[in-house]
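The block underneath contains the structure these notes are about, expressed in structure tokens.
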Protein chains: 2
Amino acid sequence: MEYEQLKLDNQLCFRLYTAARLTMGAYHPYLDPLGITYPQYLVLLVLWEQDKQPVNDIAHKLFLETNTVTPLLQRMEKAGLVKRTKGKEDTRQRIVSLTKKGIEMREQAKHIPECLSNEIIQITGEEEEFVRMIPTLDKLIEGLKQNNQQSTIKQINNQQLNN
Amino acid sequence: MEYEQLKLDNQLCFRLYTAARLTMGAYHPYLDPLGITYPQYLVLLVLWEQDKQPVNDIAHKLFLETNTVTPLLQRMEKAGLVKRTKGKEDTRQRIVSLTKKGIEMREQAKHIPECLSNEIIQITGEEEEFVRMIPTLDKLIEGLKQNNQQSTIKQINNQQLNN
DNA sequence: CTTATTTATATCGTTCACGATGCAAAAGTA
DNA sequence: TACTTTTGCATCGTGAACGATATAAATAAG
């Protein structure tokens with residue numbers, strides 16, 4: 001069958017795509033009561049670990065583009081979770097810091113990781129495989145990140161050659 | 001450290017979320033020339049395997065909601081890849097079928113899976129781990145799917161009790 | 001010290017993704 | 001048969017996600 005491999009590829013990619021979506025769905029029961037989304041929760045995790053960071057640092061830690069993170073932060077500011085102030089040394093920067101509400105949410109979110117872990121383990125009956133999966137996913141993420149940057153560099157080079 | 005586990009949870013979920021996004025990005029060089037997106041490519045994979053399916057079947061196979069798939073198909077129809085006709089037995093159904101252009105794209109997309117596989121293997125230097133990962137991801141997906149449905153059922157029951 | 005380039009964000013347009021809701025057809029029930 | 005419920009799809013609103021573009025500030029080059 002000539003086209004047989006069309007089905008086989010998505011073995012991995014489609015499953016990653018699906019697992020990620022459904023996993024985010026599993027956070028809903030925990031995040032809805034707090035009035036936040038999963039990406040917003042990720043931003044909070046970053047800020048809980050270290051408050052007062054420029055947009056770029058947050059984006060970088062989440063492997064997101066700044067044009068994704070900026071509106072995210074604007075919504076979070078509107079929700080009273082963070083505030084964004086101009087940087088003092090570099091006035092281009094926007095320093096994102098937690099508000100009282102943002103700080104207090106840490107306490108409310110304390111048990112979410114534990115709950116999610118338990119849920120996943122209970123649902124799948126697996127734990128070892130997931131632990132084993134983590135460094136492999138890290139390799140994939142790092143590799144793809146590099147690869148994307150190289151594509152961008154290639155494009156920039158290509159663009160400069162055309163001028 | 002009381003909040004330590006906050007960091008640990010995302011061991012898995014955050015990595016799935018990130019890996020899925022970056023993997024989709026890796027498809028860009030192959031899908032952009034065809035003028036399609038990754039979710040559209042998935043719809044085509046489903047239709048290439050079996051043409052003429054109702055919206056619901058497609059959504060189900062991709063683990064997506066119909067209100068995600070409907071606009072997706074509308075865009076694909078506008079792009080001339082599929083056509084949507086009313087079902088004959090059940091007139092509520094919309095039967096999605098490939099156009100000539102949609103069928104022909106299969107040939108152009110033939111090598112994508114192979115390219116992606118090679119790229120991932122080359123980037124990570126891993127292959128075995130990914131093969132091993134697949135059934136675990138399947139378990140996770142199936143489990144989360146069940147779980148989400150149960151949440152929905154619970155909500156419906158809860159709603160009915162309140163009336 | 002100008003001018004050119006890079007950098008940090010922001011804005012805009014398009015495409016998902018999904019909860020909530022609407023609607024008409026089909027299926028089930030009285 | 002008349003009524004209720006379910007089902008299949010569509011629409012709407014909101015929040016990502018990202019490419020392309022814009023803008024002002026910082027940095028580098030001349």
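In this text, all values refer to a predicted model and were calculated from it rather than measured experimentally. To find a chain, count down the sequence lines: A is the first, B the second, and so on, and within it residues start at 1.
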Heavy atoms from C-beta onward define the side chain here; which of [options] lies closest to that of [X]?
X: A:Leu72; options: C:dA10, D:dA16, D:dA26; answer: D:dA16
X: B:Arg21; options: D:dC9, D:dG15, D:dC18; answer: D:dC18
X: A:Pro54; options: C:dC16, C:dT9, C:dC18; answer: C:dT9
X: A:Thr70; options: D:dG15, C:dA10, D:dG8; answer: C:dA10
X: B:Leu64; options: C:dT9, D:dA16, C:dA17; answer: C:dA17

Expressed in angstrom and rounded to an integer, what is the separation of [X] atom [atom1] from [N] atom [atom2]?
X: A:His28; N: C:dG19; atom1: NE2; atom2: P; answer: 6 Å
X: A:Tyr38; N: C:dC18; atom1: OH; atom2: C1'; answer: 17 Å
X: A:Asp57; N: C:dT7; atom1: CG; atom2: C1'; answer: 13 Å
X: A:Leu62; N: D:dA16; atom1: CG; atom2: P; answer: 12 Å
X: B:Tyr17; N: C:dC16; atom1: OH; atom2: C1'; answer: 13 Å
X: B:Met24; N: D:dG19; atom1: CE; atom2: P; answer: 11 Å
X: A:Glu65; N: C:dT9; atom1: CD; atom2: P; answer: 13 Å
X: A:Arg75; N: D:dT14; atom1: CZ; atom2: C1'; answer: 8 Å

Problem - Pair A:Gln93, A:Asn56: side-chain N/O donor-acceptor within cut-off below 3.5 Å - result: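 Per modelled atom types, A:Gln93 and A:Asn56 side chains form no pair under 3.5 Å.
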Exercise for the section: Would you tell me whether A:Tyr30 and A:Gln108 have side-chain atoms, one donor and one acceptor, within less than 3.5 Å of each other? Expected result: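 A:Tyr30 vs A:Gln108: no donor-acceptor pair found between side chains.
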Exercise for the section: Between A:Lys88 and A:Met76, name the one whose nearest nucleotide on DNA chain D is closer to the 5' end. Expected result: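 Result: A:Met76.
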Problem - Residue closer to the 5' end of DNA chain C, B:Phe63 versus A:Gln74 (nearest nucleotide) - result: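 That would be A:Gln74.
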Exercise for the section: Fit a plane to each ring of A:Tyr38 and A:Tyr27, take the angle between them on a 0 to 90° scale, and name the class: parallel (under 30°), tilted (30 to 60°) or perpendicular (over 60°). Expected result: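 Plane angle between 30° and 60°, so tilted.
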Practice task
Answer yes or no: side-chain N or O of A:Arg92 and base N or O of C:dT9 forming a donor-acceptor pair under 3.5 Å.
Solution key: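 Side chain to base: no pair present.
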Problem - base_contact_polar (C:dT9 base, A:Arg94 side chain, donor-acceptor, <3.5 Å) - result: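 No, the side chain and the base share no sub-3.5 Å donor-acceptor pair.
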Exercise for the section: Check whether any side-chain heavy atom of B:Met133 lies under 4.5 Å from a side-chain heavy atom of A:Arg132, and answer yes or no. Expected result: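 Answer no - side chains too far apart.
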NA contact type, [X], heavy-atom cut-off 4.0 Å: base, sugar-phosphate, or nothing?
X: B:Thr68; result: base
X: A:Asn67; result: base
X: A:Pro71; result: nothing
X: A:Thr66; result: base
X: A:Asp90; result: sugar-phosphate

Practice task
Would you indicate whether B:Gln122, at its atom CD, is surrounded by more than 12 heavy atoms from other residues, nucleotides or ligands within a distance under 6.0 Å?
Solution key: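 No, because the 6.0 Å sphere around CD of B:Gln122 holds 12 heavy atoms or fewer from other groups.
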Exercise for the section: Answer yes or no on whether B:Arg21 is positioned over the face of B:Tyr17, meaning its NZ or CZ is under 6.0 Å from the six-membered ring centre and within 45° of the axis. Expected result: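 The answer is yes; both the distance and angle limits are met.
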Problem - B:Thr91 side chain near C:dA26 phosphate (N/O to OP1/OP2, under 4.0 Å) - result: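 Yes.
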Problem - Phosphate OP1/OP2 of D:dA16 contacted by A:Gln40 side-chain N/O (<4.0 Å) - result: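 Yes, A:Gln40 has a side-chain N/O under 4.0 Å of OP1/OP2 on D:dA16.
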